[in-house]
K.L.:
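Supplied in C-alpha cells, the structure appears directly below.
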Amino acid sequence: MIRRIPLLVASIALIAGSVPAESHWFKGNTHTHSLWSDGNDFPEMIADWYLRHGYDFLAMSDHNLLARGDKWMTEEAIEKRKIVLGRKVLDKYRARFGAEWVETRTDPSGKLEVRLKPLEEYRRLLEKPGRFLLVEAEEISAGIGKVPIHINAVNVVEPITPIKDLTSIREVMRQNLQLVAAQAASAGKPMLAHINHPNFKWALTAEDLAHVIEDRYFEVFNGHPETFTLGDPARATSNTEKMWDVASTIRIAELKAPPLYGIASDDSHHYHGGRVTPGRGWVMVRAEKLDADTLVSAMQGGDFYCSSGVVLNEVRYDPSTRKLKLRIKAQRGVKYVTEFRGTLRGYDRAVKEVPADPKDASPVRLQYSDDVGKVLARTEATEPEFTLTGDELFVRAVVTSTNPHPNPAWEGQVEQAWTQPVGWE
Ligand SMILES: [Zn+2]
Ligand SMILES: [Zn+2]
C-alpha cells in the first residue's frame, strides 16, 4: 500500500506557476451501496472495509437518497439481502462495533429492527483527519422506461430527486447533470457528477456520452459484472475504452468541447460473498489535503487516474515540451505494457451502422474506424513517456500488467491503470 508519496505541486505542469506545496496521491472509491438502498451491509461496516484495505476516501452513493434521517430495517429483511449464507449480518456488526453502538427495537409484529445510522453519526466512528474521509454522495438513478441512466453526484449537500422519462436519453442525462451543477453553484462548493456504467442494460452509446457536453466524467471501469466494461462483440462501439475515445474525439473535433475524464469504481453491493464485491476499481487523486472540496477540485483539474491494481508513482504532462510521462510502481516478476492511445487530426471519420439487439435503447450502433483511439505507441518501460507532435486531438495512457486481478470482474481480468486525456487543452 503505497500512498501519500510527497510530490511538489510546482512540478505539475498543469498547475504551472502555483505556489509549491506538498501533494499526495489519495485512493478512493466514488460508487458504493449500503443497506440504505440495495447494498447488503451497514455503511459503517463497508467504510471499515475500505479503511482497512488502504483507501483514503469513500463516497457511499446509495440510490436516490442521502444517508440522513431515521431509518430502521428488520433483521429479516437484512438477512434476505445476503447472497451467500453465513454468519448473521447483525452479529458481525455487533462484533465489530460493540453492542452499545448497535441500536435495535421490536416492531409491533414482534420483529427485530435495526437502525441504519445516518452519515453524520457514523462518520465520527471512522473518519481520521488526513487518513480516512467519507464523502457524501448519491447515485441519481434516473432513466426512461426500463433504460437506466445513473449519475453519481459526489460531494452534494442536499438529496437530488431524479428527473425521469423525458423525451430522450440525452435530455435525461443533461437535466440531471444540470441539477448537480445548480446545487454546486448555489452551495458554492465543488461537486462532481459522473455518468455510470454506460453498458448496464446497454443503455448508453458513445454518441450519448459525446453529445451531452454538460458531462465531464464517465465510468470507464465499473466493478459490477453486469455493467460489461469490455462491451459485447455483437454491439458495435460498446467496449468502454472505445466509447471513451469515440466520445472524446467527437467532442474535440466536432463540438469544440473538452474530452471525458474516466472514472474507475466498485459499484459494490455485496459484502458477505457474492458477485458485486468491493476492491475492484478506484481513482487515485493528487491533492494537497484529504478534504472533499480539495479532492473534487483536483479531479475537476484532471489530476487523477483510474486503477484496477496498477499503481503509478507519477503522471505528468508538460504542455511546454508536450511530454506525457508515467512512472509505474513496478512489482518484481510483473510485466507492464503501456499503450498511448489517441486520435490524430485528419482521422478517418467514416462510420458504419451496425444492427445491435432490437430490444436495446439503440438497436443500431455506429462503428468507427481504427483511427479513433489508435495505439500511437506501445512500450514495456516502467517509466513510459510519449512526446506529442501537436497532430493529436488527445492522448491518454493505459497500462496493462500481467498481474491477475485478485478479485476479477470478468474471467482473466488483469490489473490496469488509465490516465486522463491530455494535449487537447
Ligand atoms: Zn447504477
Ligand atoms: Zn450503483
Side-chain angles (χ1 to χ4, degrees), residues 28-43 45-47 49-50 55 57-67 81 83 116 119 134-156 159-165 169 172-173 175-177 179-180 191-205 208-209 212 215 217-231 238 240 243 260 262-271 274-283 306 308 360-361 407 409-410:
N29 177 36
T30 59
H31 192 165
T32 325
H33 297 276
S34 76
L35 285 169
W36 277 88
S37 64
D38 59 351
N40 73 2
D41 209 350
F42 294 92
M45 296 293 280
I46 300 165
W49 187 96
Y50 281 93
Y55 287 71
F57 69 96
L58 175 69
M60 207 72 79
S61 58
D62 279 301
H63 295 283
N64 298 337
L65 59 82
L66 298 178
R81 293 263 180 101
I83 308 298
L116 304 188
L119 173 64
L134 290 162
V135 180
E136 194 150 36
E138 171 184 340
E139 184 172 15
I140 304 170
S141 307
I144 298 185
K146 285 182 178 158
V147 181
I149 300 164
H150 293 183
I151 300 170
N152 263 36
V154 179
N155 203 27
V156 285
I160 291 174
T161 305
I163 299 176
K164 299 181 183 182
D165 296 323
I169 286 175
V172 173
M173 292 165 75
Q175 291 205 18
N176 284 288
L177 288 162
L179 291 179
V180 184
M191 294 178 193
L192 186 145
H194 61 79
I195 299 280
N196 296 340
H197 45 59
N199 290 337
F200 181 49
K201 313 246 188 236
W202 308 104
L204 306 179
T205 61
D208 295 328
L209 296 173
V212 182
D215 180 37
Y217 312 86
F218 94 113
E219 286 180 338
V220 65
F221 175 86
N222 175 301
H224 194 312
E226 272 89 66
T227 65
F228 306 108
T229 292
L230 297 180
S238 59
T240 56
M243 293 172 97
L260 284 173
I263 302 272
S265 82
D266 277 340
D267 198 1
S268 43
H269 288 70
H270 303 156
Y271 308 93
R275 297 183 66 219
V276 193
T277 53
R280 288 181 171 150
W282 56 88
V283 287
C306 308
S308 61
D360 283 3
N407 177 18
W410 60 82

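Every number for a ligand or one of its atoms is a count from 1 in the order of the listing. All heavy atoms count here, side chains included; hydrogens, waters and symmetry mates do not. Because the structure is a prediction, the values reported are computed rather than measured.
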K.L.:
Check for a donor-acceptor pair, side chain of Asn407 on one end and backbone N or O of Gly279 on the other, with a separation under 3.5 Å.
P.N.:
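Not a single qualifying donor-acceptor pair exists.
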
K.L.:
Below 30° counts as parallel, above 60° as perpendicular, anything between as tilted: where do the rings of Trp282 and Tyr55 land?
P.N.:
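Taking Tyr55 first and then Trp282, their aromatic rings stand perpendicular (interplane angle over 60°).
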
K.L.:
Could you walk me through whether Glu226 and Lys201 pass salt bridge (Lys or Arg N to Asp or Glu O under 4.0 Å), step by step?
P.N.:
CA-CA 8 Å; Glu226 272 89 66; Lys201 313 246 188 236; over 6 Å; no

K.L.:
Under the rule for side chain to side chain donor-acceptor pair (under 3.5 Å), what residues qualify as partners of Ser268, not counting sequence neighbours?
P.N.:
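Applying side chain to side chain donor-acceptor pair (under 3.5 Å) to Ser268 gives Tyr50, Tyr271.
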
K.L.:
Number of protein N/O/S atoms less than 2.8 Å from the Zn ion (ligand 2)?
P.N.:
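That number is 4, waters not included.
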
K.L.:
Short question: side chain of Thr32, backbone of Ala59 - any donor-acceptor pair under 3.5 Å?
P.N.:
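Answer holds: yes.
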
K.L.:
Are Phe228 and Trp410 close enough that their ring centres sit under 6.0 Å apart?
P.N.:
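Ring centres of Trp410 and Phe228 not closer than 6.0 Å.
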
